[in-house]
Structures are given as structure tokens and as C-alpha cells.
Amino acid sequence: MRLAADKEQPLVWSHVDSAALSAATVVAAALRFWHLGRPAEPVYDETKVLSQAQSFLHGWRPPYSTHPPAAKLLVALSVSLFGNYPWGWRAANALVGTALIPITYLLARRLFRSKLTACIAVGLLLCDGMILVTSRLAMINALYITVAAWAYLMLWGFAQEQDPRRQRLWLLALGVLLGLYAGAKAGISEVGFLFVLIVVCAILVRQSSAQIGVETIGPVVKRVVAACGLLIAVGLLVYLAVFLPLYGAGWQGVAGLIAYHWHVFRRNLNMPSTYPDASPFWSWPFLIHPYSYWKRERVDGLIQVIWCGGNPLLWWAILPAILIASIRGWRERDLAWMFLAGGYAAYLAMWIPLRRYLFIYSYMPAAYLGVLALAGALARCWRGDAFRWERCALLAPLLPCLILPLGAAWGGLAMSVILAAYFLLSWRSRAGGGRFVFLMLGGGVALLFAYFFPLWTGIPLSQAGYASRMWLHGQGMASWQ
Amino acid sequence: VSGDHRHLGDLALIAAAAMAVAALFILSYRADRPCIGETASCYRIDPLSGNLKQRWWVSEDLSATQVKFNRIGADAAELEIQPADSSRSETDWGVSYTSSLFSPGWYEFTTELRTNGRVAKGGGARIELSSDRWRFVSRGQRFGQGNWRRINIYFQPADYNPMVEISCRFAGVSPHSPASALLRNMRLVKIAGMPPRRKARFNMQKKEEARFRRRRRRSRGSGGFGGVALIAVLLGLSAGICWRLLG
């Protein structure tokens, strides 16, 4: 296996990095804080989270929740700092959601050793609606997604660190963040924790083998066990610390902790398999059944919605990007590509044994890794390094994005023109074709972000405007309404 | 020196971005203050004021094209509903108004309702007021009765969900028998102190507190913090050993 660090010299921080990081952070903050207090009422699960947050603030025992309390503590902190009204409920999450953007820049830059890839990654992430909605509501998802991204950044800092003593510091930070991740979201975080442990083992085996040779297996095992032990111990310590406020509210020692986890486990086992707005995990990458967190049809006919759906082109382009990541990871033995493809697969495969109802927002941790993979694939297109099949695969998601809103005839015609232009440019030069793919996909994602923006922020839309954005409106699962 | 200059330039860029984010944060905070000023500073909400068509929304089974909601006076409005779906005569159709009451305390809700016209037997209009799990439903007024009915209730919303929803709902109307009702003098006013005795009242905050207190009492018992502290110490020791092994 190969790390990106093996191939190139360390990437020097430059004005480009500072400018890109700064600009992306400011844009992220503007998108998240614009009309943050609207709707001026709890949206969807905000009611549950606020109930928990208020119970922490009053010192009451909070009502039962499937998820550990870290994200609710953040909302409680937000309410105590900024006030008990919609802006105050959501401000801390909006800050955390803003922080996701610079963290993603640094992560993509480390993963691919490329400023271009980092810029593309934050550009794509800024254009995703589900991440935006998550960052604008007082729910639990913004915290765990951001903490997971931060943990991946620490993981890659560890992977690219040569000094074993400094590696420990990266591991320590990684353990803290993984504990916080587990303390914010149940189920998904445990899979993430396990996946990171496997990656840490793979990195240590590779590094130790390079340093001391494969014949001396003892020191390798010692390092692997110690690293995993450190991560698990620190992670568990932080996880326990997250529950401390519950002890102040009447929990009973270890018994309380065990009873809570047993209750969560049993409750999940006994949950029904169907529920309004729920959808099976395999449907999430295809964006078949997004739904409205909140919807109002005003008497004047205008519709306001907070829509729990991603940017269609971005989500559909993640599928070929993950295919590219898998094949490149396999062929090039490149750990960065393997990490993205493996993480994506793990976050989806974890749902296979579960029979309970699920919602599309649980796709976010997989989609996040998919966005990074897409950024890597698009950067290769821009540089002219992408294979022809990769470029064609990345163009494919444009087809449904043209046919669904424009109809088969006009959409097909538009796609034909795009393909003709692509083959013409590809025939003249490989780089030209790659850059065309980059511009079409990047431009398309940005355009669709602007088009769907009212759905994610509750801007009033006419009936026709709303209907035109609901590309799937069947009676069954294939419905966006 | 050039390296230092470059370093300073990077720092300046990042500092400028941090200041811009802080400015956006403050602007957003100030811009959204009116959302609470509307309720907390004047302590009074007049749902029948302003642009009714922008402030009221239709119930899920209804389309805006099937609703007429027009002002007929300074503080009065006429609501007419003609559903398009004849197969759903059992459905209650209506319009709603949502507001959040961010100033903790008691509120008084008052309104007057009068039905117009005649529809099939059993049809009527009513007012609903809901906040979180609590819902007040006024007695239905049959269509065609023609006299004003006054509705008056006191309530205190819960801290964690201070939202209140006011609805006017019609039952028994169909595409062939549209119905209308008049609403007037509708308002939500925060009152000082407690509501008058013998008046209908509901305290969501007290219900919540009682619910949480019950939970807390139930959970109070023998257990202590010692076991958790011991686990924490063991985990800390394990982390320390692993740390040394990695050095």
C-alpha cells in the first residue's frame, strides 16, 4: 500500500491555501447564518433535541434518546449562550457546520497532497443541500459529521507523520475526536471508530514493515496493539465524559450506563421496518426518497419547505466517483483512495443487517467521503490524468439531471450536445476532454445548488416553482415530495 | 524576510476571514432579533392583522386554491373553504397560524367565531389551539347558526417548545357544500401574573416539569459514581501504558 506522502515532497502552505480556506469559510458562514432564525419554530427533530437541551439546562433527567448526549449538550450550550429562541437554538450548530468547510479543505489537501483537490472538495461540499440544512438546524447531525471529518484529518496527520513520538500526539487527538463522535451519534460512529482502527492498523503495518522488515513481526504487533489500545482507551474516556451531565440528573453509576445501552439496543431491535418518510439504505445514493423536514402551504399559494435532500447532481456523481476510487485504490495500492471507497462502503454496509426503519439523512457520513472521492476524480480530470472511462462515468449523472426536469426529448438532446462537445474536445486533447468534464460537472453542481437553494432554506416558492423542483413525484418510494 | 512576509500575508488573510465570519455572526444575530421582538417586546400577537394570506397556511389535505381568506374589517376576516376532493368528507379542513412565544409566562388567547351559510347536517366550524402535546379544541359551531361565539383560554407554553398553533377547522364540508366562517378579535396576549380563577387554563411548562421530576424521583436510588470513576481510572491507566509503548 502507498500513502500519498510516499509520492511527493511535503506540500508547502501558500497564499493560495490561505485565500481558498478563508474564502470558503466566509461563504460557508454566510450560507449558514443567513436567516438562521427562520422558520421561527422548531423544525422536525429540533423539538426532541430542544427538550433534551432544556432538561440539561434545568438539571432534570432528560427524556430517553437513542443517541448519546454530546450534540444535545452543544444545543444546550447554544441556548444558554445565545438565548432560547430559534437563532439561539441553531447558532452553535451553524458554527460547527461552518467549521466543517476548513476542516474538509485541510483533509482533502492532506489526503491527495493537492490544493486543487482541496479547493474542489470545499466547493462541492458548499453546494450540498443536506449538509447545509444539517448545519442550519438544532439537530445532532452537524456535530457528528464535523467531528468525524476532524477525526479523519487527525488520522491522515498520523499517517503522514514520520516521527513516532509525534505520531502519539496525532493518535491522542484522534482518540479524543472518536470518543466525541461516538458521544454524538450511536451506530454510525461505532462503525466509523472501527473503520478508523482498521486504517490505523494498516498504516502502522505498512510503516513498521518499511522500517524494520517483515521478518520481525513482534515490534509491529506491539505498535499496533498499543495504538489501538490508546485510541480505544481515550475514546472510551471521552465517551464516558459525555454522559457526566446525566449523573448530575440522577443516573445510577455503571448500572445507569449499562441500562441505557441495553435499552437503546433493545429499542432498535424492536423498531418497525416501515415508517412515514423512511427509505431503505440502498435507495439513498440514488436520491429516490428525500422528504420535507418542514413544509407550509400559505393561503396565498406560496410554499415554504425545509427539504431533507442533497444536490442531485452531486449525489449521483458520487457513485461513479466511488467506483473510480475503488479501482484506483486497488490498482495503485493507494491508501487515500482505499480509505474513501472503504469508508463509503462501510457506512452503507452497516445497514444491511438492520431491519428497522431508516431515513435518508443517515447517508451523510458516506456521502461526505463520496464528495472527497469526487473531488479527487475531478482534480484528475482537470490535470488530464483521468482515463477515458472515468471521464465518461463522471459525465453520466448529467443525463438524469437533464431528462428529469426537461423531459426525455429536450434532456436527451442536451445530453447529446454535451457528449458531442466532449468527444470533440477529447479527440483534440486528453486534457481538453478532462477539463470539459470538470467544468460541466462543477458548473452543473453549482447551478443546481442555486436552483434548489429555496428548498433548503425555506424561501417561499410558487406552486409551479415547487413542482418543477420535485423531479420525482410517484405514488411509491420514488417521490421527492 | 520574504518567508516572514509570506507568513504574515497568510495570517492576515485568515484573520480577515475570521473577522468576516464574526461580522456575519453578529449581523445574523441582529437580523433575527426582530423574530423575538415581535412577540417578546410587545407581548401581543394579532393573527388577523397584516397580510393574512402570507401569515396563515392551509392544512395538509387542502390546496390554497380551495381557500378564500379575506379581511372584512379592521380585526375581522372571512374564511371560505371549498375542498375539491369529494371522497374525503370525513376530513377536517382548515387554515392555521403558527407563532412562537419566547417570553416565558402565561398567555391569554381570545377570539370570536361565527359560521355562515348552511351545509350538510353535522357540519361545523371550530377553533383549535395547540402547543407541543397539548391541544385545546373549542366546541364546534354548526354552520348557519349565525351568532358569535367567544373563545377564551389561558395557557403557558413549555420552554423547550414555545410554539403555538391556532387553527380554524371545518368539518362536514364537501365540493358541493362550501362553507364559510367569520373570525374577529383574535389575539394572543401575555398576561402579568396568573390567569383569573375559574377560567379555562393549561400549563404546559408545569406538566413538563412534573414529568421530569417524576423521572428524576424514580431514578434516584442507591447507585453512585464510584464505578464510573473506577472505569475512568482504568481507562486512563491503559491509555498511559499504550502511550509509553508507542514512544
Side-chain angles (χ1 to χ4, degrees), chain A residues 13 15 17-19 21-23 25-26 29-30 33-38 40-42 47 50-51 53-55 58 60-61 82 84-87 91 98 164-165 167-168 171-172 222-223 226-227 229-230 233-234 236-237 240 247 249-257 296-301, chain B residues 6 9-10 13-14 16-17 20-21 24-25 27-29 31-33 35-36 51-58 63-65 67 69 95 98-100 102 132 159-163 209 212-213 215-216 219-228 231-232 235-236 238-239 241-243 245-247:
Chain A
W13 189 267
H15 286 329
D17 288 305
S18 301
L21 187 81
S22 304
T25 308
V26 172
F33 282 99
W34 180 78
H35 283 178
L36 181 65
R38 298 181 198 176
E41 59 183 275
T47 316
L50 285 168
S51 156
Q54 288 290 348
S55 63
H58 286 100
W60 300 332
R61 185 180 181 179
F82 307 119
N84 185 21
Y85 63 102
W87 195 92
T98 303
R165 285 180 173 273
Q167 268 191 330
R168 291 190 306 186
L171 276 181
L172 185 67
K222 184 182 136 192
R223 278 186 70 76
L230 182 65
V234 173
L236 280 176
L237 263 176
L240 276 182
Y247 286 97
W251 260 32
Q252 303 171 22
V254 181
L257 203 62
R296 294 271 189 266
E297 183 176 347
R298 298 187 335 199
V299 177
D300 62 6
Chain B
R6 199 171 62 208
D10 288 336
L13 267 172
I14 290 167
V21 170
L24 285 166
F25 185 85
L27 283 173
S28 167
Y29 176 73
D32 276 343
R33 289 292 291 182
C35 287
I36 62 159
N51 188 336
L52 298 179
K53 292 179 178 174
Q54 283 182 7
R55 302 179 79 192
W56 287 73
W57 44 275
V58 298
S63 162
T65 54
V67 176
F69 197 29
V95 293
T98 309
S99 182
S100 289
F102 297 113
D132 199 48
D159 269 1
Y160 76 90
N161 188 0
M163 192 186 84
E209 283 178 20
F212 283 112
R213 268 199 218 105
R215 292 172 62 87
R216 192 169 178 173
S219 62
R220 234 176 236 155
S222 54
F225 193 65
V228 181
I231 293 176
L235 286 171
S238 309
I241 292 166
C242 294
W243 176 269
L245 283 173
L246 281 167

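Proteins get letters first, then strands, A, B, ... in listed order; numbering begins at 1 in each.
Of the listed residues A:Ala53, A:Ala23, A:Ala29, A:Ala91, the one with more heavy-atom pairs under 4.5 angstrom with chain B than any other is A:Ala29. Put simply, of B:Ser238, B:Ala20, B:Ala232, the one with the most heavy-atom pairs under 4.5 Å next to chain A is B:Ala232. Interface remark: of the candidates A:Leu21, A:Asp17, A:Leu172, A:Leu240, A:Leu240 forms the most heavy-atom pairs closer than 4.5 Å to chain B. Of the listed residues (B:Ala64, B:Ser28, B:Ala16), the one with the most heavy-atom contacts under 4.5 Å to chain A is B:Ser28.
Aromatic ring orientation, A:Phe82 versus B:Phe25: perpendicular (interplanar angle above 60°, classes split at 30° and 60°).
Going from atom CZ of A:Phe33 over to atom CG of B:Leu27 covers 11.5 Å, rounded to the nearest 0.5 Å. Remark: B:Trp56 CH2 to A:Glu297 CD distance equals 16.0 Å, nearest 0.5 Å. Distance check, rounded to the nearest 0.5 Å: CH2 of B:Trp243 to CG of A:Leu171 gives 8.5 Å. Rounding to the nearest 0.5 Å places OG1 of B:Thr98 at 5.0 Å from CD of A:Glu41.
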side-chain contact (heavy atoms from CB on, under 4.5 Å) between A:His15 and B:Asp10, intermediate numbers included: CA-CA 6 Å; A:His15 286 329; B:Asp10 288 336; 2.7 Å; yes
Step-by-step side-chain contact (heavy atoms from CB on, under 4.5 Å) determination, A:Gln167 to B:Leu246: CA-CA 9 Å; A:Gln167 268 191 330; B:Leu246 281 167; over 6 Å; no
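For the residue pair B:Cys242 and A:Ala226, the shortest heavy atom distance occurs at CB-O, 3.2 Å. Listed here is the closest heavy atom pair of A:Val234 and B:Ala239: CG2-CB, 4.0 Å. Scanning both residues, B:Phe102 and A:Asn84, for their nearest heavy atoms gives CD2-O, 3.4 Å. Heavy atoms only, all atoms of each residue included: B:Phe69 and A:Val299 are closest at CB-CG1, 3.8 Å.
For chain A, the nearby parts of B:Val58 are the backbone and the side chain; heavy atoms of each come within less than 4.5 Å. Interface remark: A:Ala255 contributes no atoms to any contact with chain B (heavy atom separation under 4.5 Å). Neither the backbone nor the side chain of A:Leu257 has a heavy atom closer than 4.5 Å to any heavy atom of chain B.
Listed by chain and number, the residues in a side chain to side chain contact (heavy atoms under 4.5 Å, CB included) with A:Ser22 are B:Leu13, B:Ile14, B:Ala17 (sequence neighbours excluded). In this structure A:Leu236 satisfies the side chain to side chain contact (heavy atoms under 4.5 Å, CB included) test together with A:Ile232, B:Leu235, sequence neighbours excluded.
Taking 4.5 Å as the limit, some side-chain heavy atom of B:Leu24 sits within range of a side-chain heavy atom of A:Val26.
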